[in-house]
Every structure is written in C-alpha cells, then in structure tokens.
Protein chains: 2
Amino acid sequence: MARAATTTDAFNAVAEPRRRQILDILAGGERPVNDLVALLGLAQPLVSKHLRVLREVGLVEVRDEGRQRMYRLNGHPLKSIHDWVKNYEQSWTQRFEQLDVVLAELKEAEGGDDGNGN
Amino acid sequence: MARAATTTDAFNAVAEPRRRQILDILAGGERPVNDLVALLGLAQPLVSKHLRVLREVGLVEVRDEGRQRMYRLNGHPLKSIHDWVKNYEQSWTQRFEQLDVVLAELKEAEGGDDGNGN
DNA sequence: TCGACATATCCCCATATGGGTATATAGTTT
DNA sequence: AAACTATATACCCATATGGGGATATGTCGA
C-alpha cells in the first residue's frame with residue numbers, strides 16, 4: 001500500500017501547506033479561484049487541484065457565480081483534528097511530562113535494586 | 001515534486017492513522033517496541049519504521065533499556081497543529097459561519113439590484 | 001561461544017502525489 | 001457565432017510512501 005490518499009480525511013488533506021494556506025485565505029471570506037491563484041502565486045491548475053482535494057474532504061464548498069466559482073470555507077472536518085490534538089495539549093503546557101522518565105532514570109541510577117520496595 | 005515527506009513536519013507525520021495510534025498508546029506511558037507491535041497488531045518492521053518517522057519529527061524519544069528500546073511521547077511538535085486548527089474552532093462552534101453565504105444568496109434572489117443601497 | 005530475543009535496516013513493489021503544460025468546459029461580451 | 005475570461009481536467013514525470021519479507025545489529029542467558 002502507498003500512503004493514504006490526500007482525500008482520505010482532513011488529516012491528510014491538511015498535511016499539504018498550500019492547502020492550509022488556501023483555508024487560511026478562505027477564512028477571511030468567500031473567494032473565486034483566481035483570487036487564490038493571485039494570492040498564492042501558484043499555477044491555476046494547481047490551485048484547482050488543491051481545491052478539489054479540499055472539496056472531497058468537505059473543507060470547502062463551491063457556489064457558481066456567473067463564470068466564477070466562489071469557494072468558501074467549511075471548517076467542520078477540522079474538528080476531528082482538533083479533538084485529537086486537544087488531548088496532547090498538556091504535553092507542552094505542563095512541566096510534569098518528564099516525570100516518568102525522571103523516575104525511570106532514578107531507578108536506573110539506583111542500580112540492581114529490582115524490588116520496588118518503596 | 002511528490003508529496004512532502006512524512007518526516008517533513010508533525011502535520012505529515014500524524015496524517016498516518018497508525019502513527020496517531022502509536023502516540024495514543026505512548027500517551028499512557030513509555031513502551032518498548034514489542035508492546036506496540038502487540039497492541040497494534042502490526043509487523044514489527046512496520047512499527048519500527050513508523051517510530052523512525054515519529055522520531056525524526058521529534059514526536060517520540062527513545063531510551064535504551066537493556067535489549068529493549070523504550071519509546072516515550074513528546075507532544076511538543078503537536079503544538080503547531082493545535083495552534084493552526086485552534087483558529088478554526090469557531091467554524092463548528094458557531095452557527096454564524098453560513099452568514100455570508102446566506103447574504104450572498106439573498107443578494108442573488110434580489111435579482112439585478114447591483115447597488116447595495118441598504 | 002552459542003542460541004534466543006529485541007529492534008532496526010535493506011530491498012522490492014504498487015500507488016498517489018504535486019508540479020508542469022496543454023486542453024476541455026462553461027459563461028460573458030460583442 | 002466568435003473572442004475572451006474563468007475554471008477544471010488530462011497527461012507526463014520523479015518521488016516517497018506503507019506494507020512485505022529477509023536479514024543485520026545488539027543484548028542477554030546458558
């Protein structure tokens with residue numbers, strides 16, 4: 001098996017920095033493709049491809065406006081990511097994360113005391 | 001260019017579900033590789049490869065303990081992900097996200113009234 | 001020293017990627 | 001209808017992937 005498709009879920013879709021940029025721009029409001037092309041400095045087909053990925057995972061929605069296609073953000077699929085990372089927030093918030101390692105090293109330093117006689 | 005390497009950053013490393021599982025397990029405390037192999041039901045080389053990726057982006061750290069290698073979590077690199085998604089939290093929290101679309105649709109329904117006379 | 005265990009690395013493969021360029025599709029204006 | 005604008009798709013390519021299997025490296029026990 002190769003890597004999971006970018007369209008598999010929000011995690012994979014958002015792993016690409018360009019797609020995050022697109023979402024960041026759309027967070028400021030609806031935009032036609034050409035705006036994104038200009039703002040990103042990318043080739044138009046590239047932008048369309050990124051938008052397709054984002055559409056497939058539901059992170060953006062489109063609306064036809066004349067000959068333009070207005071893309072807008074739908075952050076909902078990002079909730080799964082948020083829910084997951086949220087649980088790790090303490091990892092960089094607390095200072096106790098190293099505790100178990102410190103304990104292990106202490107135990108090691110104690111030498112052959114295999115009994116945790118406490 | 002192909003897709004960015006999985007070792008590029010936390011975003012790419014964590015896009016793989018197996019690697020998230022590994023982190024989830026390690027969140028419960030240090031573990032030797034074999035524990036992970038058993039818990040994940042994956043082939044041992046596979047687990048070692050995933051651990052390598054996680055190590056390269058700094059999400060796990062290793063410690064030699066006899067013939068075992070104890071892996072432990074370092075959630076810090078996840079902060080960048082958290083910081084990014086955090087800004088989208090309102091997207092699924094609020095109900096106003098559709099506002100601009102609703103407005104656009106109203107405008108459309110109004111017909112050719114190009115002046116926003118309000 | 002030899003065998004058993006624990007882990008990492010090597011090589012092989014099918015696959016989807018992101019970028020490029022060219023072209024198709026669709027709407028608008030004249 | 002023809003010219004023009006806006007967007008999507010098709011095709012080509014180099015690359016790294018995740019999984020498989022075999023094997024190297026390293027540690028422990030007898």
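Order of the sequence lines sets the chain letters (A, B, ...), proteins ahead of strands, with each chain counted from 1.
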**Fill in**
Per nearest nucleotide of DNA chain D, the residue lying toward the 5' end, R3(A) or L46(A), is L46(A)
I'd like a list of close polar pairs between nucleotides 4-6 of chain D and the protein, N/O only, cut-off under 3.5 Å.
| residue | atom | partner | partner atom | Å |
| --- | --- | --- | --- | --- |
| dT5(D) | O4' | R67(A) | NH1 | 3.3 |

**Complete:** Separation of dT9(C) atom P from K49(B) atom NZ, nearest Å, is 11 Å
**Message:** What is the distance, to the nearest angstrom, from the CD atom on E56(A) to the P atom on dA8(D)?
**Reply:** 13 Å
**Item:** Listed nucleotide nearest any side-chain atom of A2(B), set dG19(D), dT9(D), dA14(D)
**Value:** dA14(D)
**Request:** Go through dT9(D), dT17(D), dG18(C) for me and flag the one nearest to the P45(A) side chain.
**Result:** dT9(D)
**Asked** Choosing from dA8(D), dG19(C), dG21(D), which nucleotide comes nearest the side chain of Y71(A)?
**Response** dA8(D)
**Message:** Could you measure the distance from the CD1 atom of I22(B) to the CD atom of E16(B)? Nearest 0.5 Å is fine.
**Reply:** 8.5 Å
**Item:** R52(B) side chain near dA8(C) phosphate (N/O to OP1/OP2, under 4.0 Å)
**Value:** no
**Under-3.5 Å donor-acceptor pair between Q44(B) side chain and dA6(C) base** = no
**Asked** Would one find a side-chain N or O of H50(B) under 4.0 angstrom from OP1 or OP2 of dG19(D)?
**Response** yes
**Asked** Rounded to whole angstroms, how far apart are CG on D64(B) and C1' on dA8(C)?
**Response** 12 Å
**Complete:** Between G66(B) and V62(A), whichever has its closest DNA chain D nucleotide further toward 5' is V62(A)
**Request:** Would you confirm whether the ring centroid of Y88(A) sits within less than 6.0 angstrom of the ring centroid of W84(A)?
**Result:** yes
**d(CG, L54(A); P, dG18(C)) in whole Å** = 10 Å
**Asked** So, is R18(A) near the phosphate of dG19(C), with a side-chain N or O under 4.0 Å from OP1 or OP2?
**Response** yes
**Message:** Without decimals, in angstroms, what is the distance between E16(A) CD and dA16(D) C1'?
**Reply:** 14 Å
**Fill in**
Taken to the nearest whole Å, CG/D9(B) to P/dA16(D) is 15 Å
**Prompt:** Rounded to the nearest 0.5 Å, how far apart are CG of N87(A) and CG of L23(B)?
**Reply:** 12.0 Å
**Request:** Supply the atom-to-atom distance L26(A) CG to L36(A) CG, rounded to the nearest 0.5 angstrom.
**Result:** 5.5 Å
**Message:** Taking the basic N atoms (NZ, or NE/NH1/NH2) and the acidic carboxylate oxygens, is any pair closer than 4.0 Å for E56(A) and R52(A)?
**Reply:** yes
**Request:** Without swapping roles, check the side chain of T8(B) against the backbone of A4(B) for a donor-acceptor pair under 3.5 Å.
**Result:** no
**Message:** Tell me the interatomic distance from M70(B), atom CE, to dT7(C), atom C1', rounded to whole angstroms.
**Reply:** 13 Å
**Message:** Within the 4.0 Å heavy-atom criterion, would you say T6(B) contacts the bases, only the backbone, or no part of the nucleic acid?
**Reply:** sugar-phosphate
**Prompt:** Is any NZ, NE, NH1 or NH2 atom of the basic residue among E30(A) and R63(A) found under 4.0 Å from an Asp or Glu carboxylate oxygen of the other?
**Reply:** yes
**Message:** Looking only at the side chain of R19(A) (C-beta and beyond, no hydrogens), which of the listed nucleotides dA8(D), dG18(C), dG19(C) gets closest?
**Reply:** dG18(C)
**Message:** Working note: R19(A) + H50(A), criterion side chain to side chain donor-acceptor pair (under 3.5 Å); need CA distance, chi angles, decisive distance, verdict.
**Reply:** CA-CA 6 Å; R19(A) 287 194 283 267; H50(A) 283 311; 3.1 Å; yes
**Complete:** Atom CG of N12(A) and atom C1' of dA16(C) are separated, to the nearest Å, by 11 Å
